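Keep in mind the model is a prediction, meaning the values are calculated, not measured. Side-chain atoms are counted along with the backbone in the values below, which use heavy atoms only and exclude waters and symmetry mates.
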Amino acid sequence: MANVQFKIADISRAIKGASKGGMQVGRAEIDPATGKIIIIAATQSSEPENAVDKWMRDHARSS
(Lines give C-alpha, C1' and ligand atoms only; values in the text may rest on other atoms or scores of the structure.)
Protein backbone atom coordinates (compact mmCIF):
# COMPACT_ATOMS: atom_id res chain seq x y z
CA MET A 1 0.00 0.00 0.00
CA ALA A 2 1.59 3.25 -1.18
CA ASN A 3 0.93 6.53 0.55
CA VAL A 4 -0.41 9.31 -1.65
CA GLN A 5 1.39 12.63 -1.47
CA PHE A 6 -0.68 15.72 -0.71
CA LYS A 7 0.21 19.29 0.11
CA ILE A 8 -1.02 21.68 2.77
CA ALA A 9 -2.27 23.84 -0.11
CA ASP A 10 -4.64 21.01 -1.13
CA ILE A 11 -6.18 20.90 2.33
CA SER A 12 -6.30 24.68 2.56
CA ARG A 13 -8.06 24.91 -0.80
CA ALA A 14 -10.67 22.33 0.27
CA ILE A 15 -11.36 24.11 3.58
CA LYS A 16 -11.56 27.54 1.93
CA GLY A 17 -13.94 26.17 -0.71
CA ALA A 18 -16.21 24.62 1.90
CA SER A 19 -16.19 27.84 3.93
CA LYS A 20 -16.98 29.92 0.85
CA GLY A 21 -19.89 27.58 0.19
CA GLY A 22 -21.34 28.40 3.60
CA MET A 23 -20.10 25.45 5.63
CA GLN A 24 -18.76 26.04 9.11
CA VAL A 25 -15.79 23.68 9.04
CA GLY A 26 -15.22 21.57 12.12
CA ARG A 27 -12.29 19.51 10.93
CA ALA A 28 -10.64 17.91 7.92
CA GLU A 29 -9.53 14.31 7.54
CA ILE A 30 -7.13 12.90 4.96
CA ASP A 31 -6.98 9.24 3.95
CA PRO A 32 -3.25 8.66 3.45
CA ALA A 33 -3.85 5.63 1.23
CA THR A 34 -6.01 7.47 -1.31
CA GLY A 35 -5.35 11.16 -0.63
CA LYS A 36 -9.09 11.73 -0.21
CA ILE A 37 -9.81 14.90 1.78
CA ILE A 38 -13.00 14.86 3.86
CA ILE A 39 -14.35 18.11 5.28
CA ILE A 40 -16.66 17.71 8.28
CA ALA A 41 -19.03 20.49 9.30
CA ALA A 42 -18.76 21.91 12.81
CA THR A 43 -22.45 21.27 13.42
CA GLN A 44 -22.14 17.53 12.81
CA SER A 45 -21.53 15.47 15.90
CA SER A 46 -18.63 13.14 15.28
CA GLU A 47 -19.43 11.04 18.33
CA PRO A 48 -22.70 10.29 20.07
CA GLU A 49 -23.26 12.08 23.36
CA ASN A 50 -22.39 9.92 26.35
CA ALA A 51 -23.55 10.21 29.97
CA VAL A 52 -20.63 12.45 30.98
CA ASP A 53 -21.23 14.83 28.05
CA LYS A 54 -24.93 15.03 28.96
CA TRP A 55 -24.16 15.72 32.63
CA MET A 56 -21.62 18.43 31.72
CA ARG A 57 -24.10 20.10 29.33
CA ASP A 58 -26.89 20.01 31.93
CA HIS A 59 -24.70 21.26 34.78
CA ALA A 60 -22.49 23.76 32.96
CA ARG A 61 -22.19 27.14 34.63
CA SER A 62 -22.85 30.13 32.45
CA SER A 63 -20.16 32.81 32.54
Side-chain angles (χ1 to χ4, degrees):
M1 175 164 67
N3 286 342
V4 175
Q5 295 290 327
F6 60 88
K7 298 178 181 162
I8 297 294
D10 299 331
I11 301 164
S12 179
R13 216 177 354 259
I15 292 172
K16 286 178 184 177
S19 294
K20 239 180 184 180
M23 177 190 276
Q24 186 178 6
V25 176
R27 70 177 195 267
E29 296 178 356
I30 299 102
D31 181 349
T34 64
K36 181 178 180 179
I37 299 171
I38 303 165
I39 307 297
I40 300 169
T43 56
Q44 292 178 336
S45 178
S46 59
E47 296 179 17
E49 184 177 57
N50 62 37
V52 173
D53 292 333
K54 183 179 180 326
W55 184 91
M56 289 177 67
R57 182 190 43 148
D58 293 344
H59 295 87
R61 295 182 186 169
S62 44
S63 315

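The two residues Ala18 and Ile39 make their nearest non-hydrogen contact at CB-CG2, 3.9 Å. For the residue pair Glu29 and Ile40, the shortest heavy atom distance occurs at OE2-CD1, 3.5 Å. Taking all atoms of both residues into account, the shortest heavy-atom contact from Ile30 to Ile11 is CD1-CD1, 3.6 Å.
Comment: Arg13 engages Asp10 in a salt bridge, judged by a side-chain N to carboxylate O separation of less than 4.0 angstrom.
For the atom pair CD1 (Ile15) and CZ (Arg27), the distance works out to 12.0 Å, reported to the nearest 0.5 Å.
Heavy-atom contacts from other residues, nucleotides or ligands closer than 6.0 Å to CD1 of Ile38 number more than 12.
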